[in-house]
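Below you'll find the structure, written out as structure tokens, and then a few comments.
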Amino acid sequence: MPELPEVETVRRGLERHVAGRVIDAVEVLHPRAVRRHVAGPADFAAALRGRRVAAPLRRGKYLWLPADDDALLAHLGMSGQLVVGEPDRELSPHVRVRFTFRDRGPDLRFIDQRTFGHLLLSPGGARLPSVIAHIAPDPLEDAFDRVAFAARLRSRRSGIKRALLDQSLVSGVGNIYADEALWRARLHWARAADRLRGPDVNRLLDAVQEVFAEALGAGGTSFDRLYVNVNGESGYFDRALAVYGREGQPCPRCGTPVRRDPFMNRSAYSCPVCQPRPRNGRA
DNA sequence: GCTTGCGCCTGAATGC
DNA sequence: TGCATTCAGGCGCAAG
């Protein structure tokens with residue numbers, strides 16, 4: 001699943017392979033991919049024609065390519081990929097949008113099996129697109145304020161994992177890295193956010209930044225190839241995961257079998273010993 | 001205003 | 001074997 005490290009990997013690839021090029025044509029092969037572009041697929045395609053795209057920017061799991069006074073904004077959802085390659089190769093079944101360029105070089109394809117991802121054109125150029133103004137800074141950007149984050153987190157009347165997944169509080173964290181960071185910080189996912197102590201929050205933030213940095217390092221190896229890829233279910237970071245998706249397997253720290261609990265119609269993985277369940281937790 | 005839960009979507013995995 | 005059901009995930013929005 002594309003979370004912050006995967007999106008940053010894509011951003012770097014786009015910077016290398018797409019920035020500075022002029023779009024020649026846009027084909028929307030599935031309208032759902034541009035459902036958040038309110039003027040519709042035809043407008044999306046027409047408006048981008050002839051635009052020169054600049055180096056991409058990112059906040060959390062969103063990235064955008066400035067194009068004159070507007071920006072092409074992308075969210076990969078669960079299964080989205082932005083792939084660059086030779087224009088004459090076959091169209092795979094899940095290609096939703098295809099961009100070709102004036103230089104007749106490699107094309108750009110938005111591929112998305114589960115169609116939770118989307119693209120849209122937003123005004124503002126390099127500025128933060130207004131449609132994602134509610135997305136909080138992510139822990140890897142300069143604008144991220146640890147003190148402000150801690151204060152907001154500790155005002156939440158919900159469980160700590162739910163808070164971590166709330167992109168208006170801190171962006172970039174999804175289900176996988178939330179579980180991994182909580183394991184590293186030895187915090188149970190249901191701990192009440194408003195009962196966390198300062199050192200708990202610091203440990204958690206350190207863990208989030210660590211796990212992001214490690215995943216980014218693992219994902220940065222494929223940059224030399226002429227495509228920008230996001231691994232899906234079987235990502236390159238899989239082998240480094242301590243608890244996520246590892247129900248019944250030993251905790252790397254203490255050997256206790258990892259536990260899976262139902263959480264918001266999905267799962268939360270944790271070590272029952274390293275991350276003891278609180279008496280008055282909240283989901 | 002804040003918190004919670006649903007619906008969107010597809011294919012792999014599981015159950016009968 | 002074949003069909004039906006479950007599950008995974010992020011986000012926006014509606015309901016509480």
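Just so we're on the same page: letters track the sequence lines, and every chain starts at 1. Reckoned from all heavy atoms, side chains included, excluding hydrogens, waters and symmetry mates.
- Across all strands, A/Y62 comes closer than 4.0 Å only to sugar-phosphate atoms, never to a base (heavy-atom distances).
- With respect to the salt-bridge test (charged N to carboxylate O, under 4.0 angstrom), the residues A/D68 and A/R52 do not qualify.
- We find that CD of A/Q167 is positioned 17 Å from P of B/dT4, with the value rounded to whole Å.
- For the pair A/H134 NE2 and B/dT3 C1', the interatomic distance rounds to 16 Å; values are reported in whole Å.
- When the P atom of B/dT10 is taken as reference, atom CD1 of A/I111 falls 16 Å away, rounded to whole Å.
- Residue A/H75 places none of its side-chain N or O atoms closer than 4.0 Å to OP1 or OP2 of C/dG10.
- Looking at heavy-atom distances under 4.0 Å, A/H94 makes contact with sugar-phosphate atoms alone, never a base.
- A/K61 has no carboxylate O lying under 4.0 Å from a charged side-chain N of A/E3, or vice versa, which leaves the two without a salt bridge.
- Atom CG of A/D166 is separated from atom C1' of C/dC11 by 11 Å (rounded to the nearest Å).
- Phosphate proximity of B/dC2 to A/R157: absent, as no side-chain N or O sits under 4.0 Å from OP1 or OP2.
- Phosphate proximity of B/dT10 to A/S79: absent, as no side-chain N or O sits under 4.0 Å from OP1 or OP2.
- Rounded to an integer number of Å, the gap from A/R59 CZ to C/dG10 P is 19 Å.
- The line from OH of A/Y177 to CG of A/L241 is 7.0 Å long, rounded to the nearest 0.5 Å.
- By the 4.0 Å N-to-carboxylate-O rule, A/D24 lies close enough to A/R102 to be salt-bridged with it.
- Using a 4.0 Å cut-off between a side-chain N of Lys or Arg and a carboxylate O of Asp or Glu, A/D206 and A/R184 do not qualify as a salt bridge.
- For the pair A/R154 CZ and B/dC2 C1', the computed distance is 19 Å after rounding to whole Å.
- One atom, CG of A/L169, and another, C1' of B/dG1, lie 15 Å apart when rounded to the nearest Å.
- Residue contacts for A/R260: at a heavy-atom cut-off of 4.0 Å it reaches the sugar-phosphate backbone alone, with no base atom in range.
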Using a cutoff of under 3.5 Å, can you pull out all pairs of nitrogen or oxygen atoms linking the protein to nucleotides 5-9 of chain B, with atom names and distances?
from	atom 1	to	atom 2	distance (Å)
B/dC8	O3'	A/R32	NH1	3.3

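- Going from atom CD1 of A/I132 over to atom C1' of C/dG12 covers 14 Å, rounded to whole Å.
- A/H188 and A/P276 make their closest contact through CB-O, 3.3 Å (heavy atoms, listed as atom of the first residue, atom of the second, distance).
- Cluster membership check: A/L82 shares its hydrophobic cluster with A/V26, using side-chain heavy-atom separations under 4.5 Å among Ile, Leu, Val, Met, Phe, Trp and Tyr.
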